[in-house]
Amino acid sequence: MLLALSMKKIEWIWDMVMIPAPTSEAELLDRAYALAGFTLGELAQKCHITCPVDLRREKGWVGMLLETCLGATAGNKQMQDFQNIGIELKSIPISYTGKPLETTFVCVAPLKDVHGLTWEVSNIRNKILKILWIPVEGEREIPLCERYVGMPLIWQPSIEEEAQLKADWEELMEFIVLGKVHQITAQHGEHLQLRPKAANSKALTKAYGVNGQPIRTMPRGFYFRTQFTSRILANHFMLSNLDITKE
DNA sequence: CTGTGATCATTT
DNA sequence: AAATGATCACAG
């Protein structure tokens with residue numbers, strides 16, 4: 001499978017003190033392409049950020065680094081990374097064969113005030129309408145600072161993909177509405193799954209019980225299965241390869 | 001605690 | 001080897 005890690009480094013006039021937010025999709029994509037072919041260590045150096053030895057104590061470090069490099073405004077709650085241009089940023093760890101090594105966290109799942117909530121107005125739909133994916137080498141045997149950033153891609157769900165995600169979301173939300181969140185396991189949902197999303201297993205948040213009474217349970221999040229994201233990447237790079245051969 | 005950024009580490 | 005449940009750091 002072709003998931004090219006660009007070895008062509010586009011020189012950039014970096015002045016990594018503070019990167020302004022991009023004002024268009026084209027500008028954001030240009031910047032993302034300019035990151036391809038650099039290692040995480042090189043990008044960190046340009047940002048004056050120290051690259052940790054591994055991700056055990058900083059699982060979100062790669063994502064934060066890319067946000068800094070692309071001018072994302074951090075700290076915004078429940079919003080897309082680039083709200084002005086309607087784009088969400090996701091880094092994705094890939095194997096030597098270009099396949100995702102991890103599921104992709106999308107957003108936290110609402111466990112209360114879900115009465116009447118529909119897919120059309122859900123937070124998750126807003127997050128997945130347009131995503132800038134940035135593949136990064138993720139094999140643990142590769143030292144973090146030596147991992148290469150790959151070619152970015154903009155993805156928007158096809159009619160079919162959105163229908164699939166909506167179906168999974170509705171199945172999962174049905175459990176939540178009925179107070180059966182405890183019955184949900186990671187095996188529910190064909191493309192979208194619901195799993196814990198918390199500091200640890202002792203964290204508790206409010207939800208509903210089977211009789212509608214308030215209960216406390218672990219916070220959950222929606223995640224894309226690897227097969228789903230693998231298909232997104234494969235489709236994109238196979239198509240771009242066809243474009244190249246046409247020229 | 002909630003939500004941002006996710007990957008870890010044990011089980012299957 | 002892949003998948004699931006658990007976990008890490010930080011801002012507000």
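The structure presented is a predicted model; accordingly, all values stated were derived computationally and were not measured. Throughout, protein chains are lettered first and strands after them, A, B, ... in sequence-line order, and every chain is numbered starting at 1.
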**Study point:** Minimum-distance nucleotide (side-chain atoms of A/Ala198 versus B/dC8, C/dT4, C/dT7)
**Key:** C/dT7

Check your understanding: With no angle test and no hydrogens, is the base of B/dG5 tied to the side chain of A/Lys197 by a donor-acceptor pair under 3.5 Å?
Key -> yes

Check your understanding: OP1, OP2 of C/dA3 versus side-chain N and O of A/Thr226: anything below 4.0 Å?
Key -> yes

**Study point:** Selected nucleotide, minimal atom distance to A/Val108 side chain, candidates B/dC8, B/dG3, C/dT4
**Key:** B/dG3

Exercise for review: Please determine if a side-chain N or O atom of A/Arg56 lies less than 4.0 Å away from the OP1 or OP2 oxygen of C/dT7.
Suggested key: no

**Study point:** Pair A/His188 and A/Phe175, ring centroids less than 6.0 Å apart
**Key:** yes

**Study point:** Short N-O contact, A/Lys180 and A/Glu174, less than 4.0 angstrom
**Key:** no

Exercise for review: Classify the nucleic acid contact of A/Ser91 as base, sugar-phosphate or nothing, counting any heavy atom under 4.0 Å across all strands shown.
Suggested key: sugar-phosphate

Review point. Is a donor-acceptor contact shorter than 3.5 angstrom present between the side chain of A/Tyr223 and the base of B/dA6?
Key: yes

Review point. Starting at the 5' end of DNA chain B, which residue's closest nucleotide do you reach first, A/Glu102 or A/Glu88?
Key: A/Glu88

Practice item. Starting from the 5' end of DNA chain C, give me the residue, A/Leu55 or A/Gln187, whose nearest nucleotide shows up first. Key: A/Gln187

Practice item. Group every Ile, Leu, Val, Met, Phe, Trp and Tyr by side-chain heavy-atom contacts under 4.5 Å, then state whether A/Leu165 and A/Leu129 land in the same group. Key: no

Study note, to complete from the structure: A/Gln227 CD to C/dA1 C1', in whole Å, measures 15 Å

Practice item. May I ask you to decide whether A/Glu25 forms a salt bridge with A/Lys130, counting only side-chain N to carboxylate O separations under 4.0 Å? Key: yes

Practice item. Give one of base, sugar-phosphate or nothing for A/Leu101, where a contact means two heavy atoms less than 4.0 Å apart. Key: nothing

Point to revise | Nucleotide of B/dT7, B/dT2, B/dT4 approaching A/Thr205 most closely (side-chain heavy atoms) | key: B/dT2

Check your understanding: Thinking salt bridges, do A/Glu162 and A/Arg125 make one under a 4.0 Å N-O criterion?
Key -> yes

Practice item. Return the nearest nucleotide to the side chain of A/Arg225; candidates are B/dT4, C/dT4, C/dT7. Key: C/dT4

Point to revise | Spacing of A/Asp54 atom CG relative to B/dA6 atom C1', expressed in whole Å | key: 14 Å

Exercise for review: For A/Lys90, answer base if it contacts any base atom (sugar-phosphate contacts may also be present), sugar-phosphate if it contacts only those atoms, and nothing otherwise; contact means non-hydrogen atoms under 4.0 Å.
Suggested key: sugar-phosphate

Check your understanding: If you check the A/Asn200 side chain, which of B/dG3, C/dT7, C/dG5 turns out closest?
Key -> C/dT7

Practice item. Quick one: label A/Gly60 by what it contacts on the DNA or RNA (base, sugar-phosphate, nothing), any heavy atom closer than 4.0 Å. Key: base

Practice item. Give A/Arg57 one of three labels, base, sugar-phosphate or nothing, depending on what nucleic acid heavy atoms sit under 4.0 Å from its own. Key: sugar-phosphate

Practice item. By nearest nucleotide on DNA chain C, pick out whichever of A/His188 and A/Lys202 is the more 5' one. Key: A/His188

Review point. What nucleic acid atoms does A/Lys127 come within less than 4.0 Å of, heavy atoms only: base, sugar-phosphate, or nothing?
Key: sugar-phosphate

Check your understanding: Can we say A/Lys46 and A/Glu42 salt-bridge, meaning some charged N sits less than 4.0 Å from an Asp/Glu carboxylate O?
Key -> no

**Study point:** Between C/dA2 (P) and A/Glu139 (CD): distance, integer Å
**Key:** 10 Å

Practice item. Kindly say if A/Gln78 contacts the phosphate of B/dT2, meaning a side-chain N or O under 4.0 Å from OP1 or OP2. Key: no

